[in-house]
Amino acid sequence: MSRTIAMVKGTIWAPEWKQYHDPLTGVQVHQLTDYRGHSRQLYFTENGLYDEGRRLLFVSDRDNSANLFSIHLDTGEMTQLTTYANNDDLQVCLTPDGQQALLQKEDTISLLDLTSFRERVKYRCPEGFRLGNISCTADGESVLVCIRRKPFAKNDPENDPEANQEWNHKDTFHNVTNNKDTGIDRQAAEQLMPESSSSFSQIIAVHLHTRQSEIIHEDQSVIAHVQASPVHPWLLTFCQEDSRELGDYPIWSMDRRSGKISPVRARREADEVVGRPYFLNDGETIGYQGVRSSGISFWGSIRYDQSDQQEQEIPFAIHHAYLDGKYQAITDGREDVQTLNLWRASPDAEEAYNGPYVLCELRCSFHSPKVHAYPRISQDSRRLFFTSDRTGYANIYMVELPDDISDLPMMHKHITQERK
């Protein structure tokens, strides 16, 4: 196990990686980190690969603080990119050119140059509010973030990429300030939010060159999972709940050119849960997952204009599903399902996905967001990255996806697919 003497930006950590053959399938698994502290990849909606796919960003708790690192996938050497002390967590997203990373730490958003390690604060959240997830636009000009009013509860989980999507409705409006730099307008917010209301959110676009911010959407509701299209700078999607105006649609899209907000996928049943939207590689199709009122899990995809929808039911409960361009899908599992499971369809024809095939053991506890699997398939569809605490601490793993999956064991024989 490698060890540094002092936390210094640019410090090179020796390789920690190892390889093994999965005991269930024989697939070779690459364990990329091995440290007595949690290491995890970025939230599954964000690509962490850069430098033409040779490097991967990850967050690791070393020297009792969470910092950003990168690992060279050819050599295993790791570079320390930040030197925060006494820090619990980071949210990170790459700029489209892969030259910089945006960091959300507590109430600030910073831009980090991945070569010089220069770090500059671009946005500070106003008092009384807290930041949701961050997502960079396809032109690299802006970072999108949702801000929400803080809850009353003192034990509300902080710095949790998933908890940040689940808003506590028992919050307060007293600390709203009229601050042009943060985008909060007290008068407009008070008109929108009567004293009896419990939810207020804004989606903010922070212009990275000027540090100016603008409100692109606000509502007396719960807004979460803001996601910028990786192709179209004007397109984004988000989840919106408890809105008096927008009805029973948990997933919405927005065209920033016109300001038009459109429903994407409605609930089909009163108790159905749908969420965690993310863009597929084409920048127009949105992946999501959910649970029907019967308790059956599913994943699906749909274009932002509500066309070309497909859904796949899953015969077991999951934490996360990731769909790769309508060609492959990967899911983790809950309770007795301790494997990563792969679906695959022909890339040349619209046909049902085959699966689930067992790819490898996961053995992830999911005890906290730091040890969630967050499986994600690389943009070239060749590699799978995931996090697991199978050794006691969370570490990052990589599997090179096989071309021929016929040798993988089937988990279940009957999968239902719906198409519209």
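FYI, the numbering just counts along the sequence from 1.
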I would like to know whether Tyr397 and Thr33 meet side-chain hydrogen bond (donor to acceptor under 3.5 Å, both in side chains); could you show each step before the answer?
CA-CA 8 Å; Tyr397 297 80; Thr33 61; over 6 Å; no

Start with the C-alpha distance between Ser65 and Asp63, add both sets of side-chain angles, then the distance that settles side-chain hydrogen bond (donor to acceptor under 3.5 Å, both in side chains), and finish with yes or no.
CA-CA 6 Å; Ser65 188; Asp63 293 323; over 6 Å; no

So Tyr43 and Tyr374, ring-ring contact (aromatic ring centres under 6.0 Å, His included) or not? Walk me through it.
CA-CA 6 Å; Tyr43 191 57; Tyr374 295 142; 5.0 Å; yes

Salt bridge (charged side-chain N to carboxylate O under 4.0 Å, His left out) evaluation trace for Arg36 with Asp61
CA-CA 9 Å; Arg36 292 181 181 176; Asp61 296 344; over 6 Å; no

Could you walk me through whether Met254 and Leu235 pass side-chain contact (heavy atoms from CB on, under 4.5 Å), step by step?
CA-CA 6 Å; Met254 180 178 183; Leu235 181 62; over 6 Å; no

In sequence, state the C-alpha distance, the side-chain angles, and the governing distance for Glu119 and Lys105, and then conclude on salt bridge (charged side-chain N to carboxylate O under 4.0 Å, His left out).
CA-CA 12 Å; Glu119 190 175 339; Lys105 176 181 175 292; over 6 Å; no

Start with the C-alpha gap between Glu272 and Arg292, add the side-chain angles, then the distance that decides, and say whether salt bridge (charged side-chain N to carboxylate O under 4.0 Å, His left out) holds.
CA-CA 5 Å; Glu272 186 180 61; Arg292 306 206 192 284; 3.2 Å; yes

Run the numbers on Val145 and Val226 for side-chain contact (heavy atoms from CB on, under 4.5 Å), then give the verdict.
CA-CA 7 Å; Val145 64; Val226 176; over 6 Å; no

Check the pair Lys370, Asp89 against salt bridge (charged side-chain N to carboxylate O under 4.0 Å, His left out), reporting the backbone distance first and the verdict last.
CA-CA 9 Å; Lys370 290 188 178 186; Asp89 205 1; 5.6 Å; no

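For Glu46, the side-chain hydrogen bond (donor to acceptor under 3.5 Å, both in side chains) partners two or more places apart in sequence, or in a different chain, are Gln227. In terms of the salt bridge (charged side-chain N to carboxylate O under 4.0 Å, His left out) criterion, Asp22 has no residue partners (sequence neighbours excluded). Remark: Glu52 engages Arg54 in a side-chain hydrogen bond (donor to acceptor under 3.5 Å, both in side chains) (not counting sequence neighbours). A search for side-chain contact (heavy atoms from CB on, under 4.5 Å) contacts involving Arg303 returns Glu284, Thr285, Asp305, Ser307, Asp308, not counting sequence neighbours. Not counting sequence neighbours, the partners of His367 by the side-chain contact (heavy atoms from CB on, under 4.5 Å) test are Ser365, Val371.
Side-chain atoms of Lys122 come within 3.5 Å of backbone N or O of Leu208 as a donor-acceptor pair. When atom types are taken as modelled, the side chain of Asp51 and the backbone of Gly53 share no donor-acceptor pair closer than 3.5 angstrom. Put simply, the side chain of Thr79 never gets that close to the backbone of Ile12: no donor and acceptor are under 3.5 Å apart. In terms of modelled atom types and a separation under 3.5 Å, the side chain of Ser229 and the main chain of Gly283 share a donor-acceptor contact. One N or O on the side chain of Arg40 and one on the backbone of His38 form a donor-acceptor pair closer than 3.5 Å. A donor-acceptor contact shorter than 3.5 Å is absent between the side chain of Gln379 and the backbone of Ser381. The backbone N or O of Trp252 lies less than 3.5 Å from a partner atom in the side chain of Thr237, making a donor-acceptor pair. Listed for the Asp113 side chain is no donor-acceptor partner under 3.5 Å among the backbone atoms of Gln100. A donor-acceptor contact shorter than 3.5 Å is absent between the side chain of Glu361 and the backbone of Thr339. Although no hydrogens or angles enter the test, the distance criterion places a donor-acceptor pair under 3.5 Å between the side chain of Gln338 and the main chain of Glu335.
The side-chain tip of Arg257 points at the ring of Trp234 from less than 6.0 angstrom away and within 45° of straight on. Annotation: cation-pi geometry satisfied between Arg62 and Tyr35 (NZ/CZ under 6.0 angstrom from ring centroid, within 45° of ring axis). A cation-pi arrangement, defined by a distance under 6.0 Å to the six-membered ring centre and an angle within 45 degrees of its axis, is absent between Arg276 and Tyr288.
Residues Asp324 and Ser378 approach most closely at OD1-O, 4.4 Å, considering heavy atoms. The two residues Asp139 and Ser142 come nearest to each other via the heavy atoms OD1-N, 4.3 Å. Of all the heavy atoms in Tyr278 and Thr45, the pair that sits closest is CB-CG2, 3.8 Å. Annotation for Ala329 and Trp299: closest pair CB-CZ2, 3.6 Å, computed over non-hydrogen atoms. Of all the heavy atoms in Gln41 and Phe58, the pair that sits closest is CA-CB, 4.4 Å. Cys364 and Ala373 get closest at one heavy-atom pair: SG-N, 3.9 Å.
Between Glu400 and Arg383 no salt bridge is recorded (no basic side-chain N to carboxylate O distance below 4.0 Å). Using a cut-off of 4.0 Å between Lys/Arg side-chain N and Asp/Glu carboxylate O, Arg265 and Glu311 are scored as salt-bridged.
Ile203 contributes atom CD1, which lies 10.5 Å from atom CD1 of Ile147 (distance to the nearest 0.5 angstrom). Rounded to the nearest 0.5 Å, atoms OG1 (Thr11) and CZ (Phe117) are 9.0 Å apart. To the nearest 0.5 angstrom, Thr331 atom OG1 is 5.5 Å from Ile318 atom CD1. Summarising the geometry, atom OG1 belonging to Thr95 is positioned 4.0 Å from atom CG belonging to Asp97; distances are rounded to the nearest 0.5 Å. For the atom pair CD1 of Ile396 and OG of Ser388, the computed distance is 11.5 Å after rounding to the nearest 0.5 Å. Atoms CH2 and CD1, from Trp343 and Ile330 in turn, are 8.0 Å apart once rounded to the nearest 0.5 Å.
Judged purely by distance below 3.5 Å, without hydrogens or angles, the side chains of Ser116 and Arg118 never pair a donor atom with an acceptor atom. Between the side chains of Asp219 and Gln240, a donor-acceptor pair is found at a separation under 3.5 Å.
In this structure, Ser110 and Leu102 have side chains that are not in contact, with every pair of non-hydrogen atoms separated by 4.5 Å or more. Residues Ile296 and Val291 have side chains not in contact (no heavy-atom distance under 4.5 Å, counting atoms from C-beta outward).
Screening residues 68-78 for salt bridge (Lys or Arg N to Asp or Glu O under 4.0 Å), with sequence neighbours left out, gives no hits.
For the side chain to side chain contact (heavy atoms under 4.5 Å, CB included) with Gln202, the lone residue among Glu218, His217, Arg149 that qualifies is Glu218. Tested against Phe44 for a ring pair (Phe, Tyr, Trp, His ring centres under 6.0 Å), the candidates His320, His319, His225 yield a single pass: His320.
Counting heavy atoms of neighbouring residues, nucleotides and ligands inside a 6.0 Å radius, atom CG of Asp380 exceeds 12 of them.
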